[in-house]
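Positions are given from 1, in the same order as the sequence printed here. As a basis for the values below, the full set of heavy atoms in this structure was taken, side chains included, without hydrogen atoms, waters or symmetry mates.
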Amino acid sequence: MFTNQRCPKGRLAALGLAGLGCLSLLFGLSGALAHEGHDHGDADQPAVVSSAYPRVAARSELYEIVGILKDGKLSVFIDDAITNEPVSNAALQVTIGDSAPIEAPSQQDGVYTAAIPNGTPPGSVEVIFSISAGKGNDLLVDSLAPTRAGDARAPEQKHEHGWFFPSRTAVAASALAALGLGLLFVYWRRRGRGTAVPISAAMAGAFVVLAAVLLGEGRTNATQPNPPDAPALSDAPRRLQDGTVFAAKPTQRLLDVRTAAAEPQTIRPAATLIGRVIADPNRSSIVQSVYGGRVVPGNGGIPRIGQTVRKGDLLIQIEPHLPVADRTTILEKVGEIEQLMAVTENKLRRLRPLAERGAVPQGQVNDLESELEGLRARRETVGNSRTGFEELRASTDGIITSAKVVPGQVIQPQDVLFQIADPRSLWVEALAYDDLGSKPSEAATAMAPDGQQIALSFVGTSRALRQHASVVQFAIPEPPAGLNIGQPLNVMVQSGAPVAGLIFPRNAVVRGGNGENIVWLHSGPERFEPKPVRVLPVDAARVMVAAGVNEGERVVVRGSDLVNQIR
């Protein structure tokens, strides 16, 4: 039985060792829980964001001007305020701050250059542009500010987790704690067995906690990256976060961007018909053989496609093909005619001397001579029916659009051998699924392959349906070069009641990323904004914007597809 009175000094020693062990254990835990290498530095350092070169921009009712400061020079771009067309014949004076007016001469590419008198200004400075051009004189004022770095959040701290390797202090403290617990266990073991079990349990728990801290705690190192370097200034076109596009004036000149002000107009919308180019029936023809036979080329060979021919020109010859029975009949007929000719010639030889002496009338001699001439003509005709060639000639002027013959080819009667058409006289045949009336509007147009608008003249409408649609034919008064027969075309026929809307070229409307129709508004001198719109066709070259754009807004009418591709 253990009693505390037997060894009071031993109790004090045990308590001292226990306290020392607890302090060492706590010290080791504190050293282990401390994240070595975790440096909490200044997290509020600003990051420099990309930016364009310093610039000044101003706009009036006449002109739009942008000045870009680069390499100590101010490059000035002057454009028309409505059409965005460069103004290259202006007289420009630039006043920067308190300096005297500076003459800015025009370069070859229409860019005006002004040298900065005192170098790049350190802060914002007022710039005055005095413009004298053919459209009128104008004075524009704005401020030139240096490039500003955008505010950015500090980069987030990165944590790396792994095995913890304690420092020397933590190792020494842990060893001292283990030694104190060992001595305490030995002391209580010598005093009695009853208390050894709880002491052992306490020591085991302490070592479990210590091992978990030493081996399971992850080391966290907060790395503070170096501040990002300021990116180089650039005027490259780019898509901004709000969906708008930044395009500097040099880029607009390169893309040939043009704009127009939205003005309402009243016009009839157009119906779209699917058509194709056909030849004028009055100026085209086909070449066929009546009897058939073998193809015999002429002296110039077989005519080729694209060759120009005149009416009456010989194209090819056809050698007729006769069966054996027909040939036998012809030979028998020729022999019979030749026999009659021989009998007639004998009569003439007997009667001519008698007629000269007046023994017989001269009329009998004349009758025999006439009969002999007729027999000769019959023999030639019958003989030619066996050996004569059929000549095929051009029926109209034009070019050969189709040739389906080769030398020696045997053809059947009524085979189409050549097609001839006049490229200066073409029609368009379209299918109308809606009722256009017996005489639709004469304002019908089509689009050529090169984008040129083709004027059409109404010819007639068929009352017989083809593919559940009416056939409508239009004449092309002035066919453009390169238009081919059979080429598909979209025909725009204006019909219906007039409606009010904004008229723009068809190229001004492009497809957005989600497939909707959009136009690009010139919202700023170097900024473009996409606008979804609802359009109606007007003709082959124009559309009507029925909704989405307000009156007076500047819409990109040329180069919109290139602006739409900027990312």
Side-chain angles (χ1 to χ4, degrees), residues 46 48-151 229-238 240 244-259 522-528 554:
V48 179
V49 297
S50 62
S51 176
Y53 285 95
R55 60 211 321 111
V56 54
R59 185 177 184 273
S60 66
E61 296 180 355
L62 299 179
Y63 306 106
E64 184 178 72
I65 191 167
V66 173
I68 302 176
L69 181 59
K70 184 179 179 181
D71 298 333
K73 294 183 179 180
L74 187 66
S75 299
V76 182
F77 299 82
I78 306 176
D79 296 331
D80 188 272
I82 303 299
T83 64
N84 201 49
E85 185 176 358
V87 178
S88 57
N89 57 351
L92 176 64
Q93 287 186 346
V94 182
T95 304
I96 303 175
D98 298 333
S99 65
I102 305 172
E103 294 289 340
S106 175
Q107 305 298 326
Q108 295 181 355
D109 53 357
V111 181
Y112 302 83
T113 304
I116 305 298
N118 299 323
T120 303
S124 179
V125 61
E126 186 180 59
V127 180
I128 303 175
F129 299 97
S130 177
I131 304 174
S132 177
K135 195 174 181 179
N137 300 334
D138 205 348
L139 193 69
L140 290 85
V141 182
D142 206 343
S143 298
L144 174 65
T147 304
R148 296 171 298 183
D151 298 333
D229 297 333
L233 300 180
S234 174
D235 282 345
R238 53 187 176 270
L240 304 180
T244 60
V245 167
F246 167 77
K249 278 299 179 180
T251 302
Q252 297 181 33
R253 299 281 180 90
L254 182 64
L255 300 182
D256 197 21
V257 176
R258 296 292 181 268
T259 60
H522 198 188
S523 57
E526 296 180 317
R527 180 161 295 195
F528 299 88
R554 296 174 63 191

What heavy-atom pair brings [X] and [Y] nearest, and what distance separates the two atoms?
X    : Y    : result
V87  : D80  : CG2-N, 3.9 Å
L69  : L74  : N-CD1, 3.9 Å
I131 : A90  : CG2-CB, 4.2 Å
A57  : V66  : CB-CG2, 4.1 Å
F77  : P250 : CZ-CG, 3.5 Å
Y63  : G136 : OH-O, 2.6 Å

Any side-chain heavy atom of [X] sitting closer than 4.5 Å to one from [Y]?
X    : Y    : result
K249 : V111 : no
L240 : R238 : yes
Y112 : V94  : no

Could you check whether any side-chain N or O of [X] sits under 3.5 Å from a backbone N or O of [Y], counting only pairs where one atom can act as donor and the other as acceptor?
X    : Y    : result
R59  : A81  : yes
T259 : I82  : yes
N84  : V257 : yes
Q252 : A247 : yes

So how far is it from [X] [atom1] to [Y] [atom2], rounded to the nearest 0.5 Å?
X    : Y    : atom1 : atom2 : value
I116 : I102 : CD1   : CD1   : 6.5 Å
S130 : L139 : OG    : CG    : 5.5 Å
K135 : L62  : NZ    : CG    : 6.0 Å
E126 : L144 : CD    : CG    : 11.5 Å
T113 : I68  : OG1   : CD1   : 11.0 Å
D138 : I65  : CG    : CD1   : 9.0 Å

Identify whether the distance between the nearest side-chain nitrogen and carboxylate oxygen of R55 and D235 falls below 4.0 Å. yes
So, are E64 and R554 salt-bridged, with charged N and O less than 4.0 Å apart? yes
Just do the side-chain contact (heavy atoms from CB on, under 4.5 Å) check on T251 and E526 with the steps written out, would you? CA-CA 9 Å; T251 302; E526 296 180 317; over 6 Å; no
Does K73 have more than 12 heavy atoms from other residues, nucleotides or ligands lying within 6.0 Å of its NZ? no
